[in-house]
Peer 1: 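I have a structure I would like to understand better, so I am pasting it below and will then ask my questions one at a time.
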Amino acid sequence: MKQFTLSLAFFLCFSLTFANDGYKLWLQYYPFENAEHEASCLPYFLKISVVGNSQTISVIKEEIEIAAEGFFAKKHKPEFQQNPDARLWIGTIESVPANLQAAWKSELSQITEEGYWIKSQAGRLYIIGKTDKGLLYGTFGFLKAVQTRTPLDGFEILENPKIQLRLLNHWDNLNRTVERGYAGFSIWNWHRLPKHIDQQYIDYARANASIGINGVSVTNVNANALVLTPEYLEKAKALADAFRPYGIKVYLTARFNAPMILDNLPTADPLHPAVQQWWKNKAKEIYGYIPDFGGFLVKADSEGQPGPHNYGRTQAEGANMLAEAVKPFGGIVMWRAFVYNEKTPTDRIRQAYDEFKPLDGKFRENVIVQVKNGPLDFQPREPFHPLFGAMPKTPLMMEFQITKEYLGQDTHWVNLASMWREILDADTYAEGKGSTVSKVLQGKVHPYSLTGIAGVANIGTDRNWTGHPTAQADWYAFGKLAWNPDADVDRIATDWIKMTFMQDQDFINTTKGIMMKSYPILVEYMTPLGLHHIMARSHHWGPGPWVTGGGREDWTATYYHRATKDSIGFDRTAGGSNALAQYAPEWEKAWGNPSTISLDYLLWFHRVPWDFELSTGNTLWNEMALRYQRGVEGARWMEGQWIQLEGKIDPERYQHIASFLRIQVEEAVWWRDSCLLYFQQFSGKPLPQSVEKPLHDLNYYLNFKRNFVPGI
Ligand code: GCV
């Protein structure tokens, strides 16, 4: 009892008194709250056998030391030795003792390249992998069990990643600005590289390895060709060397016309022999610096980026040229499907499908096409991208956006895993019912030789990495879903809360309650009923349903909502752009009728009169107003929930989140008032009684401007 009181006292002192700036993310390794549990875990941390000798093995030992220092408040230090008494044994399959090899034959045979098996047997815990990388993941799996206070006696888990390429995409520029970055500047200090390896790079690699991320593309897809020059390749090499022990490969973004920019070639035509040779030479040069270079990520023919269109070539011809160049070295090309024409010849959202679908089967085997979750551009809610399920002969990978360009940027709390779950669970019906996006990505619907999930990073130089302390949960959940796209997001949230904050059940329930409701709440106060792209121009922060004119129609809000006195919405049925026909007949049926479509997508697919009666019994106008109001109430509820937690965790993170929630509530009101006032000009109808009166008139919102909004 005395011991229990002491450890509880220590824990409270540690978690409440010490400021916590969030730098340690979910790797806080808090001291045990319960002396009995501490006593049961301690033996596994005293004498440890780790078989092998590699940089990754050293990293495993270091991580266990860091964790032990936290768990046992520096009272105990692990000893690593080949010790028959060791309670924790870590080694690859070949090093498992012969008698156990025989007994465990079936389990051992199930461990794949990066997978691991943790097995408790006769008072010992074995972490077994096929590779040292698997052992690293297994070690993090073990440490997560301790962090979430899972009893170790009897613990057993077999984990194999379901996706091969699990990547972060940084949209970081060489000048350290981050496109759509809201957490400070780029963490890559190119100027100090290669000589200085900042501790932050190592902690970044640890965090990524702990959630299974195995690749990072370090530069913006709006690429600067300079990164392919020796000056920068030396720096990229330094990063690759730092990340390698953590199982992370470096990838670079390739600017399609780099041969012209860097070496004055007259063309970048992918079918021109001199261009092909240039890329072959470049690939050879890169592999000279980084022998395990992952390959290229390419944005071409999109938003001003050069690409094969410039030479009358197809996306496949462009991708294949680069694929040929990296192939001898085992590299791959991730070719983005975010391609749309600057002239807006058809509905923007149907262009990627129209262009890529006919190219199915035309890409080299080391190309994977990277597709955003929805057909437009990371809107708060989009239907899944119709390319998923439509390319049986071309591996497709998912691109999620972890940074919240369209979802409140740095200050709104929204649990992105809930949104990703919706997309991953969506049924493409490609090969009959149950052909979910998740299964497509895993290569279970069509046998893909490459599988992948990428997330646009939300990381910057802010001390807590992600700006909003809760945006760490999005980074965490991204890794977990990339490892297993079928993972339970409720469980992911619980683990994240326990590892990041504390074990207290009330705290967990309240925090998780906020997280699980945050996504539908945000959709209601920003873009209810399938509204989309009604954010402010260019920086995309805050509402802008009035955005119109300018260079490109499909960069305006009016192009998408098309509000008139009679109706609102984009007709994407056969009578309109017919983007609906890009989906399976089951979806055409479900989404084709405005009376029966899920209201989540109503205005995405249909033009609907303001007084159209919906399944809720409300007219469209009233439903829209009520949803905006509900969203605001939801944001207030989130704030109210959080405020109840004051005193439970360290004041620093508590306050940080509390002040951001205040901003979120104010901005939810801003969204509601400005959007309703704007749309009211068209509907000409009064607000329902339960909707609060706007704080200002429409002119106020039309003229509301802020300078230097970050992330552009
Ligand atoms: C990197 C959106 C963003 C751009 C981004 C682009 C893309 O349009 O606003 O900043 O550019 O997506 O994904 O390429």
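Whatever order the structure lists them in is the order used to number ligands and atoms, beginning at 1.
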Peer 1: Which label fits Tyr204 and Trp188: parallel for a plane angle under 30°, tilted from 30 to 60°, or perpendicular past 60°?
Peer 2: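 Tyr204 vs Trp188 ring planes: perpendicular.
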
Peer 1: Any idea which atoms of ligand 1 are less than 4.0 Å away from a heavy-atom of Arg180?
Peer 2: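 By the 4.0 Å cutoff, the relevant atoms are 3 (C), 4 (C), 9 (O), 10 (O).
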
Peer 1: Tell me, which protein residue and heavy-atom name are nearest atom 6 (C) of ligand 1, and how many Å apart are they?
Peer 2: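 Sorting protein heavy atoms by distance from atom 6 (C) of ligand 1 puts Glu303 OE1, 3.2 Å first.
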
Peer 1: When you measure from atom 2 (C) of ligand 1 to every protein heavy atom, which one gives the shortest distance, and what is it?
Peer 2: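 It is Asp377 OD2, 2.9 Å.
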
Peer 1: Using a strict threshold of under 4.0 Å (side-chain N to carboxylate O), is an ion pair present between Lys282 and Glu285?
Peer 2: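 Salt bridge present between Glu285 and Lys282.
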
Peer 1: Mind telling me whether Phe478 and Phe400 have parallel, tilted or perpendicular rings, with 30° and 60° as the class edges?
Peer 2: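 Rings of Phe400 and Phe478: perpendicular, over 60°.
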
Peer 1: I want to confirm something. Looking only at heavy atoms, which of Glu179, Arg336, Gln401, Lys299 is nearest to atom 13 (O) of ligand 1?
Peer 2: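 Among Glu179, Arg336, Gln401, Lys299, the closest heavy atom to atom 13 (O) of ligand 1 belongs to Arg336.
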
Peer 1: Measure the distance from atom 3 (C) of ligand 1 to every protein heavy atom, then report the residue, atom name and distance (to 0.1 Å) of the closest one.
Peer 2: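 Scanning the protein heavy atoms, the shortest distance from atom 3 (C) of ligand 1 goes to Glu405 OE2, 3.3 Å.
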
Peer 1: Closer than 4.0 Å to some heavy atom of Asn222 - which atoms of ligand 1 meet that?
Peer 2: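 Counting from 1, the qualifying ligand atoms are 1 (C), 11 (O).
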
Peer 1: Which residue and atom name correspond to the protein heavy atom nearest atom 12 (O) of ligand 1, and how close is it?
Peer 2: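 Answer for atom 12 (O) of ligand 1: Lys372 NZ, 3.1 Å.
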
Peer 1: Can you tell whether the side chains of Arg176 and Asp172 come within less than 4.0 Å, N to carboxylate O?
Peer 2: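 No salt bridge links Arg176 with Asp172.
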
Peer 1: Applying side chain to side chain donor-acceptor pair (under 3.5 Å), run through Asp427 and Trp587 and close with a yes or a no.
Peer 2: CA-CA 9 Å; Asp427 201 338; Trp587 285 121; 5.9 Å; no

Peer 1: Is a salt bridge present between Lys404 and Asp410, judged by a nitrogen-to-oxygen distance below 4.0 Å?
Peer 2: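 Asp410 and Lys404: not salt-bridged.
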
Peer 1: Show the atoms of ligand 1 that are less than 4.0 angstrom away from any heavy atom in His540.
Peer 2: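 This gives 9 (O) as the contact atoms.
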
